[in-house]
Protein chains: 2
Amino acid sequence: MDQIDRKIVRALQQDGRMTVLDLAEKVGLSPTPCARRLDRLRRDGVITGYSAQVDPEKLGFGVTIFVSVELEKQDRNAIDAFERAILRCDEVMECYLMTGSRDILLRVVAQDLTAFDAFLENRLMQIPGIRNLRSNFALRAMVKRDVLPVET
Amino acid sequence: MDQIDRKIVRALQQDGRMTVLDLAEKVGLSPTPCARRLDRLRRDGVITGYSAQVDPEKLGFGVTIFVSVELEKQDRNAIDAFERAILRCDEVMECYLMTGSRDILLRVVAQDLTAFDAFLENRLMQIPGIRNLRSNFALRAMVKRDVLPVET
DNA sequence: ATTGAAATGTGGGAGCC
DNA sequence: GGCTCCCACATTTCAAT
C-alpha cells in the first residue's frame, strides 16, 4: 500500500467504471502495472467489489430508519445468532455492534411506513433474544458518501 | 421503470464493472437496448455513479463512530448552514436529518480515537449552532450492504 | 522484480432496419 | 428491440531497466 495504491483506490471510489487507461494516466503509470496493482488490491481484499450507486428515492425507497436493538444476552453466541439472522434481512443496509450496553444499530430502508411496520413485525421481531427496539426515522439524507478520506 | 430496469439496477449494484454484454444476457436483452436503458437510467438519476467498494480496515480506518448532533435552532437556515459545513468534512460518510427533536445523525470514520478526537475538536465543534453532541462507538460492522432490496 | 511497449481478442457506441 | 461496423479498451506476451 504505497501512495500510488492509495491514488488507485481513491480514483476508483470516485468512478468505479473508470478504464484502466484513464486510471493509469491519473495515477502516473502505464496501463500494465496499473492493471497488476488493481488485481493485487482485489486479491488482498482492499477492493472488495464494485457497485452502482443508486438513488433510493427513485426506486421507491423513501424511508430510512435507524433501529437500536438491545439483546437479552450480550454473549458471543447471542450476538452471532443475531448476526446470522440479520444477514438474511435485505432491508438492513448496515448493522453495527456498538459499545456501551452492546446495543446494535441498524440502518433499514423501506418503501413506506407500512412496509417498515411489516419488516418490524415479520422479520426483526421474529428474531429471538431481543430485549427491546427503538426506531428513529430519517427525514432525509444530507450526506451519503462512498469515498473514504484516503490521503494521497 | 419496468422489471427489466430493476434487473439492470440490481445486477449493477452487485457488480458495477459488469460489461454491457454480460448485463444484457443477465436481464434477457440484446446489448444495444440494454445499453440504451443504462443511459436512460443514468440521465434520469436512478444510477448516480459507480464506486469501488473498499475495506475500511485495510486502509487504516479502524474506527466508526455515530455522532448525534442537536442544533440550537432547528429552522431551515440553521439546518442549511450545518449541511453546508458538514459537506466539507470528508470523515462524515453519512449524515441524516432525523425526526423528533430534529437531531442530526452522522456516521464518521477515523483512523483511530486520536484522529476522531481531532475531528471533533477541529472540525465538528467549529461549526456554529451546535447545542450538544453524543458519540457512540461501533465495535465492528456486522452488515454493510450496497444493494437496495429491489424486487424483480 | 517491476515497468514499459506492442499485438490480439473482446467490448462499447453510432448508425441502420 | 435487434443488427452491423468501427474504434477503443483490456489482456497477454515480450523486451528493458
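Convention: sequence-line order gives letters A, B, ...; per-chain numbering from 1.
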Can you tell me the distance, in whole Å, between the [atom1] atom of [X] and the [atom2] atom of [N]?
X: A:D2; N: C:dA1; atom1: CG; atom2: C1'; answer: 15 Å
X: A:Y50; N: D:dA10; atom1: OH; atom2: C1'; answer: 13 Å
X: A:L29; N: C:dG4; atom1: CG; atom2: P; answer: 5 Å
X: A:D22; N: C:dG12; atom1: CG; atom2: P; answer: 15 Å
X: A:R40; N: D:dT11; atom1: CZ; atom2: C1'; answer: 18 Å
X: B:L21; N: C:dG12; atom1: CG; atom2: P; answer: 6 Å
X: A:R17; N: D:dC9; atom1: CZ; atom2: P; answer: 14 Å
X: B:M18; N: D:dC9; atom1: CE; atom2: C1'; answer: 19 Å

Point to revise | Base D:dG1 paired with B:R37 side chain (donor-acceptor, <3.5 Å) | key: no
Review point. Does A:T32 get its side chain close enough to the base of C:dA5, under 3.5 Å, for a donor-acceptor pair?
Key: yes
Practice item. Before accepting this row, confirm whether a basic side-chain N of the pair B:E70/B:R134 lies closer than 4.0 Å to the acidic partner's carboxylate O. Key: no
Point to revise | Any side-chain heavy-atom pair of A:S51 and B:Y50 under 4.5 Å | key: no
**Study point:** Residues B:F66, B:F137; criterion ring pair (Phe, Tyr, Trp, His ring centres under 6.0 Å); working and verdict
**Key:** CA-CA 6 Å; B:F66 286 88; B:F137 294 83; over 10 Å; no
Practice item. Check for a donor-acceptor pair, side chain of B:R17 on one end and backbone N or O of A:G16 on the other, with a separation under 3.5 Å. Key: yes
